[in-house]
Amino acid sequence: MAKRKDLSIPLIPLALRRINGVKTVSSGAVNRKIPQNEVRETLRRYQNWAASQVPEARKSGKNGMQPLVDGLWKSEGFSTTLGKFLTPENTLNDTGIPRESLGIAHVGFGAASNERVVFDTGKLTEIAETLSEPGFRGFTYEGMGSILRIYEPGIFKFMCGLLGLISLRAPDGPDQTGFFAKFFSAFPEENQRLIVHGYGRLVAFSKLSVYAAIDEAMRLPANRVEPCVQGIAFAFAMMNGEDMPILLENSAISYPDGVRAAFQNGLVYGMIFCEWFVPGFLAGWTPEGRLEEKLIGKARAESELNLKRGYPLAFQLENRLQ
């Protein structure tokens, strides 16, 4: 693995970024029932704040990704509250919610819903199919996958308890036999891919380096490796936006082609996700290297397709890198 050092983030900055991520997500939560009008207003407020902060960050020579991600994380935290304290009036299929916020809102909602119904696959399907905006439904399923990782027995679950993400007495997740084979069997293949992607996001948060995370993904059943790696890359991008030019330029990692492509697709999707949340974000991005320029061009092209479609594909590119 010759170029590992090129993607390495020093341990202390990486740890601080993870802690910041957890704190920022938590800061968006309100831990009570939320009237539907407050759902609309709060998600709009976080999106407007992020959109206002990107140009301000760029005035000081930064790429603007960090405040944008902070807005995403606050929106995610708020949406977990919605999932935990669901009321009959609550729904994400609401034209008053800004479309820019719907992707991340469905992710947080899906995660919290999985916690609330304690991995009941029938109830999860009902929630996703009845309370999601149809174009964004896949994001709900992706959010469910993150909770599979958090509730796995072990040190990461214990640390999540210490950080207050879950109760220290939280039950274990579903049966892990065959990598959650029984749980996955309740969902169609595309939703399974999305759930694995969500699981991969939290693998990235639970490992000390991106390579340790990828190496863990490589030990999964063959059909789970690439979606897990893509989720790892997406989370790595969100955590390390300040270093995104370096990550993109050195993203051709020395792994099998499918894994390398999944990693690059995950980084590119991170940029696409940011562009959907704050339109125009990519227009103001100035690539510094040749591979970065190629991948940013890919993100811009996919973002144009999203606009024509009216919604982003859920953690997927229409034309994937190979």
Side-chain angles (χ1 to χ4, degrees), residues 29 33-40 42-43 72 75-151 171 173-175 179-202 223-224 227-228 230-231 234 269 272-273 276-277 306 309-318:
K33 293 180 180 180
I34 310 171
Q36 189 64 19
N37 65 336
E38 186 179 346
V39 174
R40 304 182 196 105
T42 302
L43 289 173
L72 283 168
S75 300
E76 181 180 4
F78 179 73
S79 301
T80 63
T81 302
L82 184 70
K84 289 177 181 178
F85 298 93
L86 190 66
T87 72
E89 72 167 323
N90 289 147
T91 180
L92 290 177
N93 192 13
D94 181 342
T95 57
I97 298 174
R99 290 188 73 78
E100 296 91 340
S101 301
L102 283 173
I104 193 62
H106 281 73
V107 169
F109 179 71
S113 296
N114 203 359
E115 288 188 274
R116 184 169 57 83
V117 304
V118 198
F119 305 98
D120 184 314
T121 55
K123 290 179 180 178
L124 287 172
T125 298
E126 180 183 2
I127 289 166
E129 298 300 315
T130 60
L131 299 178
S132 300
E133 201 282 351
F136 293 82
R137 185 173 290 129
F139 293 95
T140 304
Y141 287 102
E142 199 273 354
M144 297 174 189
S146 64
I147 300 304
L148 287 183
R149 179 64 172 191
I150 290 175
Y151 278 72
D175 183 2
F179 188 60
F180 305 104
K182 183 178 179 181
F183 181 84
F184 277 114
S185 68
F187 301 98
E189 188 62 35
E190 172 59 9
N191 293 344
Q192 292 184 31
R193 178 190 72 81
L194 289 164
I195 292 167
V196 177
H197 186 286
Y199 180 91
R201 281 193 294 113
L202 271 292
N223 64 331
R224 308 303 189 195
C228 186
Q230 184 169 328
F234 177 84
Y269 195 88
I272 294 167
F273 201 71
W276 184 265
F277 191 59
N306 289 342
R309 191 185 306 108
Y311 58 89
L313 296 177
F315 297 100
Q316 182 71 283
L317 281 66
E318 187 167 320

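Position 1 is the first residue of the sequence, and the numbers go up from there.
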Provide the closest heavy-atom pair for L43 versus S79 in the form atom of the first, atom of the second, distance. CD2-OG, 3.9 Å
So, R309 versus N306: side-chain donor-acceptor pair below 3.5 Å or not? yes
Residues in ring-ring contact (aromatic ring centres under 6.0 Å, His included) with F315, at least two apart? F139, H197, F234, Y269, F273
At what distance, to the nearest 0.5 angstrom, does CD of E189 lie from CG of N223? 6.0 Å
State whether the number of non-hydrogen atoms from other residues, nucleotides or ligands found under 6.0 Å of E126 atom CD is greater than 12. no
Decide salt bridge (Lys or Arg N to Asp or Glu O under 4.0 Å) for R193 and E190; before the verdict, give the C-alpha distance in whole Å, the side-chain angles of both, and the deciding distance to 0.1 Å. CA-CA 5 Å; R193 178 190 72 81; E190 172 59 9; 2.7 Å; yes
Rounded at 0.5 Å granularity, tell me how far CZ in R201 sits from CD in E142. 4.0 Å
Treating W276 as the side-chain partner and R99 as the backbone partner, does any N or O pair qualify as donor plus acceptor under 3.5 Å? yes
Just so I know, are the side chains of L148 and P174 near enough to count as touching, which here means a heavy-atom distance under 4.5 Å? yes
Would you say the side chain of V39 lies within less than 4.5 Å of the side chain of D94, judging by non-hydrogen atoms? no
Within-4.5 Å side-chain heavy-atom neighbours: I97 and F136: no
Would N191 and T125 satisfy side chain to side chain contact (heavy atoms under 4.5 Å, CB included), going step by step from the backbone distance to the final call? CA-CA 10 Å; N191 293 344; T125 298; over 6 Å; no
Nearest-0.5 Å distance that lies between atom NZ in K84 and atom CD in E115: 5.0 Å
What verdict does the ring pair (Phe, Tyr, Trp, His ring centres under 6.0 Å) test give for Y199 and F179, after you've listed the backbone C-alpha separation in whole Å, the side-chain angles of each residue and the deciding distance to 0.1 Å? CA-CA 11 Å; Y199 180 91; F179 188 60; 5.0 Å; yes
Nearest 0.5 Å please: distance from the CG atom of L317 over to the CD1 atom of I272. 4.0 Å
Which residue in the set T91, T87, N90 passes side-chain hydrogen bond (donor to acceptor under 3.5 Å, both in side chains) when paired with Q36? N90
Is the F184 ring parallel, tilted or perpendicular to the F180 ring (thresholds 30°, 60°)? perpendicular
Within this structure, what is the OH-CD distance for the pair Y311 and E133, rounded to the nearest 0.5 Å? 9.0 Å
Are P35 and E89 close enough that some pair of their side-chain heavy atoms sits under 4.5 Å apart? yes
Quick check for you: to the nearest 0.5 Å, what is the distance between F109 atom CZ and T81 atom OG1? 12.0 Å
Is there a side chain to side chain contact (heavy atoms under 4.5 Å, CB included) between T42 and I34 once you walk through the steps? CA-CA 10 Å; T42 302; I34 310 171; 5.9 Å; no
Okay, side chain of E76, backbone of G108: is any donor-acceptor separation there less than 3.5 Å? no
For residues T140 and A128, report the shortest heavy-atom separation together with the two atoms involved. CG2-CB, 4.0 Å
Might you work through the side chain to side chain contact (heavy atoms under 4.5 Å, CB included) test for S146 and N114, ending with a clear yes or no? CA-CA 9 Å; S146 64; N114 203 359; over 6 Å; no
Heavy-atom closest pair, residues V117 and I127: CG1-CD1, 3.9 Å
Which heavy-atom pair separates A111 from I147 by the least distance, and what is that distance? O-CG1, 3.1 Å
Working for side chain to side chain contact (heavy atoms under 4.5 Å, CB included), residues F187 and L194: CA-CA 10 Å; F187 301 98; L194 289 164; over 6 Å; no
Short side-chain donor-acceptor distance under 3.5 Å, S75 and S101: no
